[in-house]
Novice: 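This structure is in structure tokens; I'll ask about it shortly.
Letters go in sequence order (proteins before strands), and every chain restarts at 1.
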Amino acid sequence: MNDEFENELKRALRPVEPDAGFADRVTAHIRDSAGRGDRIRPTVRLRFRWLPVALAASMALGIVTYEWHAHRVREGIEARRQLIEALRVTQEKLDFVYQTVKQEAHSNDDSGV
Amino acid sequence: MSESDAAPRDDSLARARDGDVSAFAEIVRRHQRLVFSLGLRMLSNRHSAEDLAQEVFLQLHQHVDEIESDSHLVFWLRRVTAHRAIDRLRRGPHREVDLSEADSVANESDGGDPLLARRLRNLVRQLSPAARAVVLLRYQEDLDPNDIARTLDMSVNTVKSHLKRSLMTLRTRFHEDGQIAVYDAGTPT
């Protein structure tokens, strides 16, 4: 329930106007921060300000991931090539040993030992 | 209902959402009284109040796409202004100026006693920031406890408690100043 004290409080706290030109100062601030013009879309600009950054980050991440994957593939191919080379060398050596042993055996047979 | 609520509806909000700065200026002019007054009564300093009001309207400009209606706009302005003012007061020392500066515009004659009004405003600014905001939303903006609770993110009981204690404090201090005989609550002469 309102009483006289509360009514006095309401009168004492009635709204007051700011100094003249307040709205002009606010809009001047807005224009200064966004360049001159009568149509400014700060909300759109702010809302999508992250978009180029996100796109650039996604592209960078994609490139790094692709390069890492390609690097791993190249490493795999190189490892397989080295393994095949090692097997080939091993096979050549085994063939050489086999031929040598075989020739030794033939020469022993021919000499009647 | 506050003056802001009573303002005629137009399409300035829609045009402001579309980036029309002159429409946004109309919104500022229509609601500057609400925002500035809340800031002034909270901070007791015209310069700080104007600074705060500018911040609030610049924030509004950034978020105008989120404002759904004129009533939402008024709610948003009260809420942001009150919270920002409370934050400023809690952040640290605040330059409060003599009453003559803060009241220079407020004391245009409207049939009330300007000296009494000044004394009451001085008492209000001695309240804690949260209690001050509750009292201002109640007696300056004429909001009921439910709306104050929504605006300040408080429970309704907390708002009622603030109001009760603040009024008691204000009355007591007012009595201590020796003015009780004229404005004593509930004891009409």
Novice: Tell me, for B/A53 versus chain A, whether the close heavy atoms (under 4.5 Å) come from the side chain, the backbone, both or neither.
Specialist: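 Contact with chain A is through both the backbone and side chain of B/A53.
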Novice: If I take atom NE2 from residue B/H83 and atom OG1 from residue B/T151, how far apart are they, to the nearest 0.5 angstrom?
Specialist: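 Nearest 0.5 Å value for the NE2-OG1 distance: 7.5 Å.
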Novice: Can you check side chain to side chain contact (heavy atoms under 4.5 Å, CB included) on B/R171 and A/D3, steps first, answer last?
Specialist: CA-CA 12 Å; B/R171 283 185 206 281; A/D3 56 31; 2.6 Å; yes
Novice: Between B/L167, B/V135, B/L136, who has the most heavy-atom pairs with chain A when the cutoff is under 4.5 Å?
Specialist: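 Looking at each of B/L167, B/V135, B/L136 in turn, B/L167 comes out on top.
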Novice: With a 4.5 angstrom heavy-atom cut-off, which part of B/I27 approaches chain A: side chain, backbone, both or neither?
Specialist: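 Neither part; nothing is under 4.5 Å.
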Novice: Where does B/V35 contact chain A at under 4.5 Å (heavy atoms): side chain, backbone, both or neither?
Specialist: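 Neither part; nothing is under 4.5 Å.
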Novice: Should the pair B/H63 and B/W76 be assigned to parallel (<30°), tilted (30 to 60°) or perpendicular (>60°) ring geometry?
Specialist: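 Taking B/W76 first and then B/H63, their aromatic rings sit tilted (interplane angle of 30° to 60°).
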Novice: Within the 4.5 Å heavy-atom criterion, are B/T81 and B/F57 side-chain neighbours or not?
Specialist: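 When only atoms from C-beta onward are counted, B/F57 and B/T81 do not touch, as no gap falls below 4.5 Å.
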